[in-house]
There are 2 protein chains.
Amino acid sequence: MSTLSRREKSKCPISYSLDLFGDKWTLLVLRDVILHGKTRFAEFQSSDEKIASNILSDRLRRLGEQGFIAIEKDPSDARQKIYSVTKKGLSLTPVLLEIAAWGASHDGQTGELPHTVERSDSVCSSITNALR
Amino acid sequence: MSTLSRREKSKCPISYSLDLFGDKWTLLVLRDVILHGKTRFAEFQSSDEKIASNILSDRLRRLGEQGFIAIEKDPSDARQKIYSVTKKGLSLTPVLLEIAAWGASHDGQTGELPHTVERSDSVCSSITNALR
DNA sequence: TTTTTAACTTGCAATTTGAAAGTAATATCA
DNA sequence: TGATATTACTTTCAAATTGCAAGTTAAAAA
């Protein structure tokens, strides 16, 4: 590949990533679906950060369009949708954990890292589901 | 520590982190100061993403207030300021690299990862400076 | 002394967010 | 069966943030 075509092609991978999830809400929704195994609209709404329903709706739709999560109808209740993480979504786990590790070591409020325990179980089931 | 006080204290470390750098511009500025060793206002302005000067000004000030970067006067040119990464700022390197790695492996445009080479040199000098 | 440069700051339109209320399609209860 | 509740949105609108262009101030260079 020539130097020129490489220069044209290459955009910063950090910038590329941030275009997809470089805002607060997207990563929090991904946290909930990956680390906490949430699957329903109301579950995402109930997290501590209190995301507004219009923003949540928008982010779930985008994450679905971009392939980070799968959106299905609940066969046993037609009002509900089931959100689940895909392989692509799971590939963001290292990013999330790195951010969590940084936050935990700099917060001073986080104490005994309550998410550490919670995490391992939920991640395991997220992985099991995504790879099925 | 009681269960109650722990529950009151513990906020999600991911949420904590995102409150500090959960937007596109903050991490791009940190990328430039950590991975590309930029030190001047004009250098940050010249990156591909073309950050507006008011936003850049705001982000540099915040990063300074939060201790991620140090801001000094240039002794040899009183018009200029010198921005440099601190130890605290450097502690975000793993987060940045994880995001970069994800972007590189999912972009399809990034080609031969031109930042890999560039990175190692700049990171080394960032580290050297921050720890001095 | 005039021109340039560096780092902002300001003004303003456009976009995004956030809070609250509304809606449509079910599902559940009496 | 009819009334009520639930779920996942959508809408409305004010407030905050962003993005662009132009202006400002102090200091350096010509």
Side-chain angles (χ1 to χ4, degrees), chain A residues 11-12 14-15 17-33 36-66 68-85, chain B residues 11-12 14-15 17-33 36-66 68-85:
Chain A
K11 205 190 139 197
C12 170
I14 294 176
S15 184
S17 296
L18 296 178
D19 284 341
L20 296 177
F21 52 81
D23 73 294
K24 179 173 178 174
W25 294 120
T26 299
L27 281 174
L28 287 179
V29 171
L30 283 165
R31 171 201 66 184
D32 285 346
V33 75
H36 301 130
K38 297 189 176 182
T39 60
R40 313 291 161 152
F41 196 89
E43 286 184 284
F44 291 100
Q45 273 190 297
S46 72
S47 20
D48 282 348
E49 292 83 9
K50 297 283 169 267
I51 185 169
S53 62
N54 52 349
I55 309 289
L56 177 57
S57 177
D58 175 75
R59 292 304 189 281
L60 288 170
R61 184 175 44 73
R62 287 190 192 198
L63 286 171
E65 286 169 2
Q66 293 160 353
F68 290 106
I69 62 174
I71 307 176
E72 304 155 86
K73 287 178 182 174
D74 183 342
S76 70
D77 185 342
R79 292 170 305 176
Q80 298 197 44
K81 289 183 180 175
I82 302 173
Y83 304 96
S84 59
V85 70
Chain B
K11 205 190 139 199
C12 169
I14 295 177
S15 185
S17 296
L18 296 179
D19 283 340
L20 295 178
F21 53 81
D23 73 294
K24 180 174 177 174
W25 293 120
T26 298
L27 281 174
L28 287 180
V29 170
L30 283 165
R31 170 202 65 184
D32 284 347
V33 75
H36 299 130
K38 297 190 177 183
T39 60
R40 312 291 161 152
F41 196 89
E43 287 185 285
F44 292 100
Q45 271 190 297
S46 72
S47 25
D48 281 350
E49 292 83 9
K50 297 283 169 269
I51 186 171
S53 62
N54 53 349
I55 309 291
L56 177 57
S57 177
D58 176 75
R59 293 305 189 279
L60 287 171
R61 183 177 45 73
R62 288 190 191 198
L63 287 171
E65 285 169 3
Q66 292 161 167
F68 289 107
I69 62 174
I71 308 177
E72 304 156 87
K73 288 179 182 172
D74 183 341
S76 70
D77 184 343
R79 291 170 306 176
Q80 297 197 45
K81 289 183 181 174
I82 302 174
Y83 304 96
S84 60
V85 71

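Proteins come first, then strands; the chains are lettered A, B, ... in the order of their sequence lines, and each starts at number 1. From a predicted model like this one, the values you see are computed outputs, not experimental measurements.
Taking atom CD1 of B/I71 as the reference point, atom P of C/dA7 lies 12 Å away to the nearest angstrom. A/D74 has its CG atom 13 Å from the P atom of C/dT26, to the nearest Å. Between A/R40 atom CZ and C/dT26 atom P the separation is 16 Å, expressed in whole Å. Residue B/K50 contributes atom NZ, which lies 19 Å from atom P of D/dT18 at whole-angstrom precision. The CD atom of B/Q45 sits 15 Å away from the C1' atom of D/dT18 (whole-angstrom rounding). The CD1-C1' distance, from B/I51 to D/dT17, rounds to 13 Å in whole Å. Counting to the nearest Å, the C1' atom of C/dA7 and the CG atom of B/L60 are 10 Å from each other. Residue A/E43 contributes atom CD, which lies 16 Å from atom P of D/dT6 at whole-angstrom precision.
Atom CZ of B/F44 is separated from atom CD1 of B/I55 by 15.5 Å, given to the nearest 0.5 angstrom. In this structure, CG on A/L27 lies 12.0 Å from CH2 on A/W25, to the nearest 0.5 angstrom. Taking CD of B/Q66 as the reference point, atom OG1 of B/T26 lies at 7.5 Å (rounded to 0.5 Å). B/L20 CG to A/K24 NZ: the interatomic distance, rounded to the nearest 0.5 Å, is 10.0 Å. If you take OG1 on A/T39 and CD1 on A/I71, they are separated by 12.5 Å, rounding to the nearest 0.5 Å. The NZ atom of B/K81 sits 12.5 Å away from the CZ atom of B/R40 when rounded to the nearest 0.5 Å.
Under the 4.5 Å side-chain criterion, counting only non-hydrogen atoms from C-beta, A/I82 is in contact with A/P75. Contact check for B/Q45 versus B/L56: side-chain heavy atoms found under the 4.5 Å cut-off. Between B/I69 and B/V29 the shortest side-chain heavy-atom distance does not fall below 4.5 Å.
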Nucleotide N/O of nucleotides 10-15 of chain D paired with protein N/O under 3.5 Å:
{"residue": "D/dT10", "atom": "OP2", "partner": "A/S57", "partner atom": "OG", "Å": "3.4"}
{"residue": "D/dT10", "atom": "O4", "partner": "A/S53", "partner atom": "OG", "Å": "2.7"}

Annotated protein contacts, base or backbone, on nucleotides 25-30 of chain D with a non-hydrogen cut-off under 4.0 Å, one of B, S, - each: -BBS--

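Sorted by residue number, the members of residues 19-29 of chain B with any non-hydrogen atom under 4.0 Å from DNA chain D read B/W25.
Phosphate proximity of D/dT17 to B/R59: absent, as no side-chain N or O sits under 4.0 Å from OP1 or OP2.
Between B/D32 and B/S47 the shortest heavy-atom distance is OD2-OG, 2.9 Å.
When each of B/L63, B/V85, B/L60 is tested with B/F68 by the rule side-chain contact (heavy atoms from CB on, under 4.5 Å), just one qualifies, namely B/L63.
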